[in-house]
Amino acid sequence: MSADKNSRALFERARRVIPGGVNSPVRAFGAVGGTPFFVRSAQGAEILSEDGRSYLDFVGSWGPLILGHAHPEVVEAVRAAAGRGSTYGAPCAAEVEMAEAVVAAYPGLEQVRFVSSGTEAVMSAIRLARGATGRDVVAKFAGCYHGHADHLLVAAGSGLVTFGRPSSAGVPEAFASLTRVLPLDDEAAVEELFAREGERIAAVLIEPIPANNGLLLQRPAFLATLRRLTRAAGALLVFDEVISGFRVAKGGAAERLGIVPDLATFGKIVGGGMPVGAFGGRRELMEQLAPLGAVYQAGTLSGNPVAMAAGLATLRVLERDRIWETLEARGAELEAALAPVLAAAPVPARLVRCGSLFWLSLQPGEPPRAAAAIDPRSAELYAPLFHALLDEGIALAPSAYEVGFLSAAHTRGDVERLAAALARALAAAAEVAR
Ligand code: PMP
């Protein structure tokens, strides 16, 4: 398509100097084929490509943009902060204000430390959990993503199911050997792990609302079991709220589910579109970090004043404008608009939703709750559906396994437009599947 020639030319240039042409793999469209559009600018719910095409954006930079692109109050806060200096390497008031806001928002949180990405937040929380418990084993769940730290790029091994194996080249077996990988939605597997080596487990790490491999909504009873078993064994429960934090509620999944973890990690929204992550918990745990405690953790740009300003502005608008209520309503509207479309769809399709997070499960039956329950054929249906939507000017994530994000910038008309376009896109996907 000639309309995309600028993006194609940029991709060509990019591939010469950036591996795969992108700085994060999923952006390369590998899972759906075709050439990624390069973005010139974005405003509200719209992204404008370098070819002048406008897309209604349901990715929102993978989660941070809960207020939409370039929200005027966030832009102004960033502009003002940058004018006062972009980084000091010394403490500043914005960090304190931001920490107070996060502590006030999240159940059980007494202290928080800021870092520069979700990966760093989780990596640091795990180090703290190991330092605080004096134990070395970490349990995670198949289908959850926690960033790209070595010991978390681990998949379920084949033989003894729970023993991890590296899911990336470059991760030594020795690192993976301290990570156990369990299935979601399976209390018995967790009970068995604790029975076998409960006294070695430093932390159980989970996305309480798993949103990196489809949207695998967990039964509350499963999460309650994790809380009970970790507490009984002296292990820490770590909620990775990098996606769910400040999205599914002010107090994240912990508030929504009524389960308080020992440590929680944040990213995305907390930085208002700037590079920020955070991790926090009870004072007695957090004070084991340097400079008070023996667990080392640091960062040149941690608590960066411009990023703190973006995060603070975002949190202020979220609260003032009661955005969580708006998004809940918008999500319900999406569900209502999609119901007749999905019921009449020529391929099996269901909407899975939690607040402003949504995912299309393209397989028969109840939506999956564990990674292994996802039918890999659904990804084959997704690629033509994705491209059919893109041709209509609607951007979903370029992977069947990624969720969609609603923002405060989406209108009722926008979700209705998505529903109408999906009816046509599902028909196109069905054609390909035949
Ligand atoms: N945890 C979760 C739940 C995530 O979704 C992500 C990123 N999508 C990360 C951690 C890693 O965050 P980052 O990409 O900022 O390093």
Side-chain angles (χ1 to χ4, degrees), residues 22-28 31 58-66 106 113-129 138-155 167-168 171 179 181 184 203-218 223 226 237-248 252-254 256-257 261 263-280 297 299 301-304 307 310-311 314 354-359 371 396-405:
V22 291
N23 282 310
S24 201
V26 73
R27 296 179 198 167
F58 289 100
V59 184
S61 190
W62 307 88
L65 301 178
I66 192 165
Y106 198 83
R113 183 162 276 175
F114 294 105
V115 292
S116 300
S117 69
T119 294
E120 256 187 283
V122 183
M123 183 186 86
S124 306
I126 294 301
R127 182 178 307 139
L128 176 58
V138 168
K140 68 187 275 282
F141 294 88
C144 289
Y145 177 69
H146 303 289
H148 62 91
D150 281 337
H151 56 280
L152 298 175
L153 282 183
V154 176
S167 63
S168 163
V171 175
T179 306
V181 184
L184 285 164
V204 171
L205 169 65
I206 190 167
E207 285 178 81
I209 299 175
N212 273 290
N213 198 313
L215 187 57
L216 304 173
L217 298 182
Q218 297 302 292
L223 294 161
L226 301 185
L237 179 61
V238 184
F239 274 2
D240 182 349
E241 300 239 32
V242 166
I243 286 182
S244 51
F246 296 96
R247 177 168 286 278
V248 300
R256 201 157 169 130
L257 300 162
L263 292 172
T265 60
F266 306 91
K268 302 189 191 268
I269 290 172
V270 88
M274 300 292 285
V276 178
F279 64 105
Q297 188 280 328
L301 294 177
S302 293
N304 175 268
T314 300
C354 180
S356 55
L357 295 170
F358 66 93
W359 180 58
L396 290 189
S399 159
Y401 297 99
E402 304 286 352
V403 298
F405 297 88

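Below, all heavy atoms of this structure are taken into account, side chains as well, without hydrogens, waters or symmetry copies. Numbering of ligands and ligand atoms starts at 1, following listing order. Sequence positions, counted from 1, serve as the residue numbers for this chain.
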Inset, instruction - Take S244 and R256 through the test side-chain contact (heavy atoms from CB on, under 4.5 Å) and record every step on the way to the result. - result: CA-CA 10 Å; S244 51; R256 201 157 169 130; over 6 Å; no
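A donor-acceptor contact shorter than 3.5 Å is absent between the side chain of R127 and the backbone of Q297. In this structure, the side chain of S167 engages the main chain of L153 through a donor-acceptor pair within 3.5 Å.
Residue contact check: I243 has heavy atoms under 4.0 Å from atoms 5 (O) of ligand 1. Within ligand 1, counting atoms from 1 as listed, the ones closer than 4.0 Å to a heavy atom of G147 are 9 (C), 10 (C), 11 (C). With ligand atoms numbered from 1 in the order given, ligand 1 contributes 15 (O), 16 (O) to contacts under 4.0 Å with heavy atoms of S117. Ligand 1 places these atoms under 4.0 Å from at least one heavy atom of H146: 1 (N), 10 (C). Residue-ligand proximity, E207 to ligand 1, at heavy-atom distances under 4.0 Å covers atoms 3 (C).
Nearest heavy atoms, V59 versus F405: O-CD1, 3.1 Å.
Among all protein heavy atoms, the one lying closest to atom 7 (C) of ligand 1 is K268 NZ, 3.5 Å. Counting protein heavy atoms only, atom 15 (O) of ligand 1 is closest to G118 N, 2.8 Å. Atom 1 (N) of ligand 1 has D240 OD2, 2.6 Å as its closest protein atom, hydrogens excluded (heavy atom only).
Closest to atom 5 (O) of ligand 1 by heavy atom, among L152, I209, N212, T119, is N212.
Under a 4.0 Å heavy-atom criterion, Y145 is in contact with ligand 1.
Among residues two or more places apart in sequence or in another chain, the side-chain contact (heavy atoms from CB on, under 4.5 Å) test is passed with L301 by T87, S116, N304. Residues satisfying the side chain to side chain donor-acceptor pair (under 3.5 Å) test with T314, not counting sequence neighbours, are none.
Inter-residue side-chain proximity for K268 and V276 is flagged as unmet; no heavy-atom pair is nearer than 4.5 Å.
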